[in-house]
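A short write-up of the structure that comes next.
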Amino acid sequence: MRFSRMLLPTLREAPADAEVISHRLMIRAGMIRKVAAGIYNLLPLGLRVIQKVEGIVRSEMNRAGGQEVMMPLVLPAELWKESGRWEEYGKELLRLQDRHGREFCLGPTHEEIITDMVRGTLRSYRDLPKNIYQIQTKFRDEIRPRFGLMRGREFIMKDAYSFHADDDSAEKEYRNMYDAYSRIFDRCGLSFRAVEAETGTIGGRFSHEFMVLAETGEDAIATCNSCDYAANTERAQTRQPEKKAAIPSDLKAVEAVRTPGKKSVEDVSAFLKVTPARFIKTLIYETDKGIVAALVRGDHELNEFKLKRELDLAFARLAGEQKVREATKAPSGFAGPIGLDVKIYADFSVRGMSGAVTGANESDTHFVNVCAERDFKADYADLRVVRDGDVCPRCSGTLRIKRGIEVGHIFKLGTKYSEKMGATFLDEQGKSRPIVMGCYGIGIGRTAAASIEQNHDESGIIWPKPLSPFACEVVPVNVKDEGTVKAAEALYSALNDAGIDCLLDDRDERAGVKFKDADLIGIPVRVAVGERNLKEGMVEIKERKHAEVKLVKVSEAAEEVRRLAGRS
RNA sequence: CGGGGCGUGGCUCAGCUUGGUAGAGCACCGCGUUCGGGACGCGGGGGUCGGAGGUUCGAAUCCUCUCGCCCCGACCA
């Protein structure tokens, strides 16, 4: 490909609204252009990268036994009503009507459609298992799209669905996909971790997320420094105390103290000169099972996912001022477990606390010298968000919190969709049973963006070879010099003939401009052809990821490029 | 949905407070000099100042409405 003929508008500056590095570089490198919030044009260079990711995903999915299909983007409401998600999914589901007033939505994911496709056709245990996937545009009306392709509203996703006669088979496929995903992200040249994760609205019992480690990641993950435990902090656990704590013998009686206007743990802590770790924080939650109180240590944070799972709740939200007053007979900020007339759940870390501070359920008042075991009753559970430095739940190692970008997610769906939508098969006994399902997604654009987050420097992108839009770039330093052009063209042809996808910067630009652009778009191997070295019969070869350049004989350049570009 | 901010040429932004009929840098076109890390000089093209209405002799500038975008939070997962 010739640079001069390519739609490749590089930019010296990035638009003001591009915040993260991958977004800025994608725009500056002429890969993407914004059309609307969270909606982008993919320019030729961007599309090439997307296609590289797709190619890797496709080959590994096929290798793992998947079959590619293509489902529609516009989906009829009826299917979503069948699964119940028409109501459940909320505003992220972009709904629309056709000219007859029939309801449709843009597909944010395709469980319903594939279940519909398969029911009635997979009728026998002999038809199972199957793994069907597609690489397709999805639409989610994200509340706050940002970071370019990282969190767009319209985005390309590979979604696979598997169908099984029983849990064992589904379990096996889950492992199979886990391995396939690991190979995919390995081949993409990404540094990643598979972590235990929450399942969200997709449903299912457990799942793994594939996280690319990057500072700018939107998710926090906890990883053990000595075993292979890794989990999203939405789910991550820590080692819990095993039994009841003893009540210290020298314990003082509970005493009420005035704390006028001091509501937050921080304020009261400063006022009473007691560290937040000595506080018991009481959070009043409104849930589908009524009002409950959740207790965590003052310096800890409640994990709502854990609360919901522990109490088997459909929803839970922090109660508003009104509900807090009803439950505690006090303004918010003074809630405490003593004398509280709602069900109380407390994190394990609260159990051993004594000499603690809590709210007194009375305006401007707190209790001191509170002892958990002595002064109130609570059900103890794992309810808090883990912190950096916590103990690993599996071994005695230490948990470290890192940031990650979720590029893949695999779920065991079970029979959630097949039951609701009547996707059944006949087993060996001729008995009708719901098909057991799994689903497996990869964000294609996000994977490309994550790669940039992980591979760049001040000058621009540094593509790992498998994702690079071109294998190499040939830069004739001065196109007004005949010898230079001749040598560059010859090399370009030789490389093309050798099957090496090559970009030739044939623009009549100054050397500096071309080198800057070459660094920006980040092709792994660059060959500079210039008068100076040509005199000695040499060209200069440089790898984007290394600073050094080396001079190679013109006659050996193609072979050297092939050697460098071929290896990953 | 709440709070804050921004819409001026392809990009980055100034001008707005205190109305007087639109600017700079980069990019683009022409000529010349230059030519291995974002050159320089001269000349040039390009903007309904997001849109609509209003105030005014006169609006990018003041007022009202509206659309779009961004940030923080809530929400969602």
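In what follows, chains are A, B, ... by sequence order, proteins preceding strands, each numbered from 1.
Separating the P atom of B:rG30 from that of B:rG36 is a span of 22 Å, rounded to the nearest Å. The separation of B:rG20 from B:rG15, taken at their P atoms, amounts to 13 Å, rounded to a whole angstrom. Of the C1' atoms belonging to B:rA59 and B:rG5, the separation is 23 Å, rounded to the nearest Å. Comparing B:rC1 with B:rG38, their C1' atoms are spaced 45 Å from each other, to the whole Å. B:rG73 and B:rU21 have their P atoms separated by 44 Å, given to the nearest Å. Here the separation of B:rC13 from B:rG50, taken at their P atoms, is 15 Å to the nearest Å. The separation of B:rU12 from B:rA27, taken at their P atoms, amounts to 15 Å, rounded to a whole angstrom. Rounded to whole Å, the C1' atom of B:rA14 lies 28 Å from the corresponding atom of B:rG53.
With a cut-off of 3.5 Å on both pairing distances, the Watson-Crick or G-U wobble partner of B:rC42 is B:rG30. Within the shown strands, nothing qualifies as a pairing partner of B:rC49 under the Watson-Crick or G-U definition with both distances less than 3.5 Å. The nucleotide B:rU55 finds no pairing partner, because no Watson-Crick or G-U wobble arrangement with both distances shorter than 3.5 Å includes it. Here B:rG2 sits opposite B:rC72 as a Watson-Crick or G-U wobble pair (both hydrogen-bonding atom distances under 3.5 Å).
Annotation for A:E215: atom CD does not count as buried by contact number, only 12 or fewer foreign heavy atoms lying within 6.0 Å.
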Please list, for nucleotides 26-31 of chain B, all pairs of protein and nucleotide N/O atoms separated by less than 3.5 Å.
residue, atom, partner, partner atom, Å
B:rA27, OP1, A:R12, NH2, 3.3

Between the protein and nucleotides 1-6 of chain B, are there any N/O to N/O pairs under 3.5 Å, and if so, what are the atom names and distances?
none

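Of the side-chain N and O atoms in A:R146, one or more sit less than 4.0 angstrom from OP1 or OP2 of B:rC72. Contact check, A:K34 against B:rC70: a side-chain N or O comes under 4.0 Å of OP1 or OP2. Distances shown here put a side-chain N or O of A:R144 below 4.0 Å from the OP1 or OP2 atom of B:rC72. Within the 4.0 Å cut-off from OP1 or OP2 of B:rA39, at least one side-chain nitrogen or oxygen of A:R510 is found.
Considering only residues two or more places apart in sequence or on other chains, A:K91 meets the side chain to side chain contact (heavy atoms under 4.5 Å, CB included) condition with none of them. With sequence neighbours left out, A:K480 forms a side chain to side chain contact (heavy atoms under 4.5 Å, CB included) with A:N478, A:D508. Under the side chain to side chain contact (heavy atoms under 4.5 Å, CB included) criterion, A:D506 pairs with A:R2, A:F3, A:S4, A:L504, sequence neighbours left out. Residues satisfying the side chain to side chain contact (heavy atoms under 4.5 Å, CB included) test with A:A335, not counting sequence neighbours, are A:T282, A:I284, A:T328, A:N361. For the salt bridge (Lys or Arg N to Asp or Glu O under 4.0 Å) test, no residue two or more places apart in sequence or in another chain qualifies with A:E234. Shown here are the salt bridge (Lys or Arg N to Asp or Glu O under 4.0 Å) partners of A:R400, two or more places apart in sequence or in another chain: A:D388.
Nearer to the 5' terminus of RNA chain B, by closest-nucleotide assignment, is the contact made by A:V529 (compared with the other of A:V529 and A:R153). Where A:D17 and A:V513 meet RNA chain B, the nucleotide closest to each residue was compared, and A:V513 sits on the side nearer the 5' end.
Nucleic acid contact class of A:D517 (heavy atoms, under 4.0 Å, all strands): base. Note on A:K91: nothing from the nucleic acid sits closer than 4.0 angstrom, heavy atoms only. Contacts of A:R33 with the nucleic acid, taken as non-hydrogen atoms under 4.0 Å apart, are absent. Residue A:E234 is classed as a base contact, given a heavy-atom separation below 4.0 Å to a base.
In this model, a side-chain donor or acceptor of A:R28 finds a partner on the base of B:rG38 within 3.5 Å.
The distance between atom CD of A:E540 and atom P of B:rG36, rounded to the nearest whole Å, is 12 Å. The distance from atom CZ of A:R24 to atom C1' of B:rC70 is 14 Å, rounded to the nearest whole Å. For the pair A:K308 NZ and B:rC76 C1', the interatomic distance rounds to 9 Å; values are reported in whole Å. The nearest whole Å value for the distance from the CE atom in A:M538 to the C1' atom in B:rG36 is 16 Å. Taking atom CD of residue A:E142 and atom P of nucleotide B:rC71, one finds them 13 Å apart after rounding to whole Å. One can place CD1 of A:I32 at 19 Å from P of B:rG10, the figure rounded to the nearest angstrom. Here B:rG36 presents its P atom at 13 Å from CG of A:D508, a figure rounded to the nearest Å. Note: CD (A:E19) to P (B:rC72) measures 6 Å, nearest angstrom.
Across every non-hydrogen atom of A:V477 and A:T484, the tightest pair is N-CG2, 3.9 Å.
Aromatic rings from A:H208 and A:F411 are positioned such that their centres are separated by 6.0 Å or more.
Of the candidates B:rC69, B:rA39, B:rG36, the closest approach to any side-chain atom of A:A37 belongs to B:rC69. The side chain of A:K480 lies closest to B:rU34 when the candidates are B:rU12, B:rG38, B:rU34. Of the candidate nucleotides B:rG36, B:rG38, B:rC76, B:rG36 has the atom lying nearest to any side-chain atom of A:A511. Listed nucleotides B:rC76, B:rG37, B:rU12 differ in distance to A:R526; the shortest reach to its side chain belongs to B:rG37.
With hydrogens and angles disregarded, no donor-acceptor distance shorter than 3.5 Å links the side chain of A:R33 to the backbone of A:L43.
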List the atom pairs, with distances to 0.1 Å, where a side-chain N or O of residues 74-82 of chain A and a protein N or O form a donor-acceptor pair under 3.5 Å, not counting sequence neighbours.
residue, atom, partner, partner atom, Å
A:K81, NZ, A:E103, OE1, 2.9
A:E82, OE1, A:R119, NH1, 2.8
A:E82, OE2, A:R119, NH2, 3.0

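Here A:R146 does not pair with A:D17 in a salt bridge; the nearest charged N to carboxylate O distance is not below 4.0 Å.
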Practice problem: Start with the C-alpha distance between A:Y440 and A:Y133, add both sets of side-chain angles, then the distance that settles ring pair (Phe, Tyr, Trp, His ring centres under 6.0 Å), and finish with yes or no. | Solution: CA-CA 9 Å; A:Y440 321 92; A:Y133 75 95; over 10 Å; no

